[in-house]
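Just so you know, these numbers come straight off a predicted model, no measurement behind them. The basis for the numbers below is simple: all heavy atoms, side chains too, and nothing from hydrogens, waters or symmetry mates.
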Amino acid sequence: MRIAWAVGEDFRHLDPDLPLLTAAVTAHGIDAHTVVWDDADVDWDGYDLVVVRSCWDYVPRRAEFLAWADAVPRLANPAAVLRWNTDKTYLRALDEAGVAVVPTAWSVRSVDDLPAADEWVVKPTVSAGAADTARWSDPEQAVAHSRRLLDSGRATMAQPYVDAVDTEGETGILLFGGIVSHAFRKGALLGRGDDPRSLPELKEDIGPREPSADQVAFAEHAVRVARELTGQELLYARVDVVTSSDGRPRLMELELTEPSFFLPHTATGAATFADALVARLSG
């Protein structure tokens, strides 16, 4: 069996998951290659499976990225999933299907459109890695941020800032082949937009975490709903969960395109993924 890890040119040596993934699948006798997704000379038909990994350069080239995905015969996650998941309006579909999502207002142009909150996070609906994302305590500045993005042709979203992020952080739960593998904690990343300590000075604070039973059940439910909405099987999924003011889990994001797995923070995650990959190839 031959597989390819699809990566962005600038990230092939920066993804800490890749060496661990390659070692884990090699132990199963799988020949794994790291391949740049937009390399026109690659014969994608020559792989039994192409797995999307660090294609973190897709955001300004989303149409090109999706056209590439449509042309790859055996892709995980499938092109239909990538099309759905690379625009964060998928959160609206999940919310309507019964997944508890952080309240979201779309393409805000006035203060009256903002959800009730003391602080807001504003971002483009097509983005990655907190790019063009900011936290605002002034509603006028939050709206101005949204307007700037809208005026540049980018749809936006605004959400209340979840206070629990500053104390317990986010919980990211990884599922491989629909089975929970491991979880991690991500500390607060965003300073306020008018705070000189905002991005890029604030760095990710990552560590292992044992998710609660409620968080696991929530993640499993979110992934089941995503499978129903897309009609596709999911080799991998990352469910980013926060705790709302009522103590219940809320979905921040469901990462089905190119999420970091944070494998250096788990002793078993790479092997669990390899098992799911083998099952997929054997299915």
Side-chain angles (χ1 to χ4, degrees), residues 52 55-70 75 77-117 120-136 142-162 165 170 172-173 175 189-190 218-219 221-234 236-242 244 249-260:
V52 178
C55 298
W56 298 327
D57 53 350
Y58 81 86
V59 172
R61 306 161 59 196
R62 179 171 177 259
E64 181 183 350
F65 177 68
L66 294 177
W68 164 80
D70 286 335
L75 186 68
N77 284 325
V81 173
L82 306 189
R83 186 175 302 278
W84 183 76
N85 188 240
T86 50
D87 187 324
K88 298 183 197 303
T89 53
Y90 72 82
L91 291 169
R92 180 183 291 165
L94 288 172
D95 184 48
E96 292 172 350
V99 177
V101 175
V102 174
T104 306
W106 305 96
S107 295
V108 166
R109 282 195 176 273
S110 75
V111 170
D112 292 339
D113 295 332
L114 288 171
W120 298 266
V121 174
V122 178
K123 67 181 79 171
T125 62
V126 178
S127 66
D132 298 312
T133 298
R135 169 185 173 185
W136 301 100
V143 171
H145 179 186
S146 177
R147 284 177 175 169
R148 284 193 297 273
L149 292 169
L150 289 168
D151 290 345
S152 69
R154 304 173 72 186
T156 68
M157 55 192 289
Q159 297 176 317
Y161 186 78
V162 179
V165 173
E170 297 180 34
I173 302 174
L175 293 86
L189 183 64
L190 293 176
F218 181 87
H221 173 63
V223 170
R224 280 197 303 271
V225 171
R227 288 174 58 191
E228 292 168 0
L229 290 173
T230 63
Q232 303 290 327
E233 293 299 318
L234 303 173
Y236 55 86
R238 197 183 87 199
V239 186
D240 292 341
V241 181
V242 293
S244 64
R250 287 261 185 177
L251 181 68
M252 182 70 76
E253 291 199 31
L254 177 60
E255 301 275 10
L256 306 177
T257 302
E258 33 58 77
S260 294

**Prompt:** Any donor-acceptor pair under 3.5 Å linking the side chain of T156 with the backbone of L149?
**Reply:**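 No, T156 side chain to L149 backbone: no donor-acceptor pair under 3.5 Å.
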Looking only at non-hydrogen atoms, find the nearest pair between [X] and [Y] and report the distance.
| X | Y | result |
| --- | --- | --- |
| R147 | R109 | NH2-O, 2.6 Å |
| A97 | V225 | CB-CG1, 3.6 Å |
| R250 | F218 | C-CZ, 3.7 Å |
| L75 | A69 | CD2-CB, 3.6 Å |
| H221 | G98 | NE2-O, 3.7 Å |
| P103 | P160 | O-CD, 3.1 Å |

Measure the [atom1]-[atom2] distance between [X] and [Y] for me, rounded to the nearest 0.5 Å.
| X | Y | atom1 | atom2 | answer |
| --- | --- | --- | --- | --- |
| S260 | E255 | OG | CD | 8.5 Å |
| H145 | L150 | NE2 | CG | 10.0 Å |
| S110 | D113 | OG | CG | 3.5 Å |

Which residues satisfy the side-chain hydrogen bond (donor to acceptor under 3.5 Å, both in side chains) test with [X], sequence neighbours excluded?
| X | result |
| --- | --- |
| E64 | R61 |
| S107 | none |
| D112 | none |
| Q159 | T104 |

**Asked** Can you list the residues that meet the ring-ring contact (aromatic ring centres under 6.0 Å, His included) rule with Y58, with sequence neighbours excluded?
**Response**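 For Y58 the ring-ring contact (aromatic ring centres under 6.0 Å, His included) partners, ignoring immediate neighbours, are F65.
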**Request:** Check ring-ring contact (aromatic ring centres under 6.0 Å, His included) between W120 and all other residues, then give those that pass, not counting sequence neighbours.
**Result:**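 Counting only residues at least two positions away or on another chain, W120 forms no ring-ring contact (aromatic ring centres under 6.0 Å, His included).
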Please tabulate, for the side chains in residues 124-132, all donor-acceptor contacts under 3.5 angstrom to protein atoms that are two or more places apart in sequence or on a different chain.
unit_1 : atom_1 : unit_2 : atom_2 : d
T125   : OG1    : D87    : OD1    : 3.3
S127   : OG     : P124   : O      : 3.3
D132   : OD2    : R154   : NH1    : 2.8
D132   : OD2    : R154   : NH2    : 3.4

**Asked** What pairs with E253 under salt bridge (charged side-chain N to carboxylate O under 4.0 Å, His left out), at least two apart in sequence or on another chain?
**Response**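 Per chain and number, E253 pairs via salt bridge (charged side-chain N to carboxylate O under 4.0 Å, His left out) with K88, K123.
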**Asked** So which pairs with a foot in residues 91-103 pass salt bridge (charged side-chain N to carboxylate O under 4.0 Å, His left out), sequence neighbours left out?
**Response** none
**Request:** Check side chain to side chain contact (heavy atoms under 4.5 Å, CB included) between A144 and all other residues, then give those that pass, not counting sequence neighbours.
**Result:**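 For A144, the residues satisfying side chain to side chain contact (heavy atoms under 4.5 Å, CB included) (neighbours in sequence not counted) are R148.
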Let me have the donor-acceptor pairs involving side chains of residues 77-86, under 3.5 Å, with sequence neighbours excluded, atom names and distances please.
unit_1 : atom_1 : unit_2 : atom_2 : d
N77    : OD1    : L235   : N      : 2.8
N77    : ND2    : Y236   : O      : 2.9
N77    : ND2    : L256   : O      : 2.9
R83    : NH2    : D70    : OD1    : 3.4
R83    : NH2    : D70    : OD2    : 2.6
N85    : OD1    : L256   : N      : 2.8
N85    : OD1    : T257   : N      : 3.3
N85    : OD1    : T257   : OG1    : 3.0
N85    : ND2    : L254   : O      : 2.7
T86    : OG1    : R62    : NE     : 2.7
T86    : OG1    : R62    : NH2    : 3.3
T86    : OG1    : L82    : O      : 2.7

**Message:** Between V122 and V108, does the side chain to side chain contact (heavy atoms under 4.5 Å, CB included) criterion hold? Intermediate values first, please.
**Reply:** CA-CA 9 Å; V122 178; V108 166; over 6 Å; no
